[in-house]
Amino acid sequence: MDLVLLEKVLLGLFVAITVAVVVSKLRGKRFKLPPGPIPVPVFGNWLQVGDDLNHRNLTAMARRFGEIFLLRMGQRNLVVASSPELAREVLYTQGVEFGSRTRNVVFDIFTGKGQDMVFTVYGDHWRKMRRIMTVPFFTNKVVQQNRHGWEDEAARVVADLKANPKAATEGVVLRRRLQLMMYNNMYRIMFDRRFESEEDPLFLKLKALNGERSRLAQSFQYNYGDFIPILRPFLRGYLKMCKDVKERRIQLFKDCFVEERKKLNQTGGSDGLKCAIDHILEAEKKGEINEDNVLYIVENINVAAIETTLWSIEWGIAELVNHPEIQEKLRREIDAVLGAGVQVTEPDMPKLPYLQAVIKETLRLRMAIPLLVPHMNLHDAKLAGYDIPAESKILINAWFLANNPNHWKKPEEFRPERFLEEEAKVEANGNDFRFLPFGAGRRNCPGIILALPILGITIGRLVQNFELLPPPGQDKIDTTEKGGQFSMHILTHSTIVAKPRAL
Ligand code: HEM
């Protein structure tokens, strides 16, 4: 028997024994587990259900197995909850029990084993980080201090499009310019800094490293090592890539942004107004957090804030291009309320109910994080009368909650009017457990306070200044979805024609 074969046999034996021990442990405890497909040894349900557990596949499974079901992905338990009642139970009533996050080898690398806030377990560290991040990022004062910056960034997008004759004729990939805008929106809050153009070398470097981080973390490529721990040695190359990206990225945050800001403060070069990182550095000075925590806060904002909001803007524009009558109705609302040519600003939002409805409808049909960020129970728990073994990954299929025909009228239609008619009381802040684009409860998205006005300003300004159309020869743009471990964005960053309006 050659060595490779022997290694494989031993490996197989080891797996079989491990599985037998785990199964007997579960049986020994007489767990009443949620329903689900019958698992096979070693692989569980993995080979049956595959890697891509996106919101649509999980919706099909919920129709088959019910509002709670269990998948065994190798050694990992994955529980999927698909009703508003269960969402309330997980996120709110039992918010402490289910308030942790799953981690895996890849996320452990990118978060320094949970030294961040978004992916850390529920407990003292998370509470402290969330408290420290609130004043610099998530208050109305932050909105008021930064909204002029967001309005300025949106105005620059409009000006750049108007200055580019191609935009009005053959069209441009609008996302590219909007990506620069979103980086500027967030880097102005964090560091009081902006990038001048899409070609800015530092912006390009940052964008590339953030892109690599997202690709590596959201890929299904590492599932086998996550699901079947003894296969982890085969992930060595992948994990090395993750470590390399992580180190270069954290170093970039440190050298080019945090240290630069410190220098500016020391030399009296800043304008005296505190930006977010100044507050965070104060917490470090007081000894509440360490230097790594500071850098992981920057990392968290880069992943949680920029692409999520950008995807939502991109989805909103795609739906408006494909529904010209809705686009026109929105334009008429803005003209009627503000007067032709008066540019949308943050304080105008309450006066523009149709704009708000368009945003909610985008977040409902095209949810950027359709399964929320996975939750986890640290200890054995109970849900809907079933036993949930400790450290299960809990997915709330928020997309299905918001697109279930039993709860919504013709959910497959993009119809903002629903939020002015039969769903007029439903807000995006989790006041209704059928609609949770930002989650709810303890681990909800604190960034909603920034995301909604940024969406409103950006979409409002584009629609009031341009007629947004598909490129010549096309009557619709492609809205195929692309999912990751828990993200959903548009597959093709479409070319869009932005024809300036004659005002
Ligand atoms: C349209 C844009 C956005 C969407 C759709 C979105 C959605 C979400 C969702 C679904 C969660 C997980 C909730 C849960 O697990 O129960 C989350 C968490 C989070 N989001 Fe957002 N988000 C957006 C923008 C932002 C922005 C702009 C920021 C920051 C400036 C931000 C910061 C965070 C943070 C820090 C968490 C983790 C909270 C925790 O674990 O305690 N998000 N977001």
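Just follow the structure's listing: the first ligand is 1, and inside any ligand the first atom is 1. None of these values were measured; they are calculated from a predicted model.
For atom 23 (C) of ligand 1, the nearest non-hydrogen atom from the set I448, T120, T308 belongs to T308. Nearest residue to atom 1 (C) of ligand 1 from S100, G441, S487, S312 is S312 (criterion: closest heavy atom).
A distance-only check finds no donor-acceptor pair linking the side chain of N210 to the backbone of K207 [under 3.5 Å].
If you number the atoms of ligand 1 from 1 as listed, the ones under 4.0 Å from a heavy atom of I369 come out as 7 (C), 10 (C). Atoms of ligand 1 found under 4.0 Å from any heavy atom of T309 (numbered from 1 in listed order, with element): 1 (C), 2 (C), 24 (C), 27 (C). The ligand atoms of ligand 1 that sit less than 4.0 angstrom from a heavy atom of P446 are 19 (C), 20 (N), 33 (C), 34 (C), 35 (C), 36 (C), 38 (C). Listed by number with element, the atoms of ligand 1 under 4.0 Å from a non-hydrogen atom of M186 are 30 (C). Every atom of ligand 1 with a heavy atom of F138 under 4.0 Å away is listed here by number and element: 29 (C), 30 (C).
At least one N/O-N/O distance between H375 and ligand 1 falls below 3.5 Å. At least one N or O atom of W126 sits closer than 3.5 Å to an N or O atom of ligand 1. At least one N/O-N/O distance between R101 and ligand 1 falls below 3.5 Å. Residue contacts with ligand 1: R443 is placed with a nitrogen or oxygen under 3.5 Å of a nitrogen or oxygen of the ligand (distance criterion only).
Remark: distances from the non-hydrogen atoms of N444 to ligand 1 include one below 4.0 Å. No heavy atom of W311 sits closer than 4.0 Å to any atom of ligand 1. Judged by the shortest distance from any of its heavy atoms, F438 lies inside the 4.0 Å radius around the atoms of ligand 1.
Relative ring orientation between F486 and F119 is described as tilted, the plane-to-plane angle lying within the 30° to 60° band. Note on ring orientation: taking the six-membered ring where Trp is involved, the planes of F435 and F419 are tilted (angle from 30° to 60°).
Between E481 and R56, at least one side-chain N (NZ, or NE/NH1/NH2) sits under 4.0 Å from a carboxylate O, which counts as a salt bridge. Looking at R147 and E151, a side-chain N of the basic residue comes within less than 4.0 Å of a carboxylate O on the acidic one, giving a salt bridge. Taking 4.0 Å as the cut-off between side-chain N and carboxylate O, R156 and D152 count as a salt-bridged pair. Salt bridge K254/E291: present, at least one basic N to carboxylate O contact under 4.0 Å. Ion pairing between a basic and an acidic side chain is recognised when a charged N comes within 4.0 Å of a carboxylate O; R213 and E307 show no such pairing. Using a cut-off of 4.0 Å between Lys/Arg side-chain N and Asp/Glu carboxylate O, K128 and E288 are scored as not salt-bridged.
Note that R101 lies outside the cation-pi zone of W126, set by a 6.0 Å cut-off to the ring centre and a 45° limit from the axis.
Both the backbone and the side chain of A305 come within 4.0 Å of ligand 1, counting heavy atoms alone. Contact annotation for L450 and ligand 1: only side-chain heavy atoms (C-beta onward) come within less than 4.0 Å of the ligand. Residue contacts with ligand 1, taken as heavy atom pairs separated by less than 4.0 Å, involve P437 solely via the backbone atoms N, CA, C and O. Counting heavy atoms closer than 4.0 Å to ligand 1, residue L436 contributes nothing at all. Counting heavy atoms under 4.0 Å from ligand 1, residue R130 touches it through the side chain alone. The residue F119 has no part lying near ligand 1, judged by heavy-atom distances below 4.0 Å.
Side chains of N290 and D292: no donor on one and acceptor on the other come within 3.5 Å. For the residue pair H489 and E314, no side-chain donor N or O sits within less than 3.5 Å of a side-chain acceptor on the partner.
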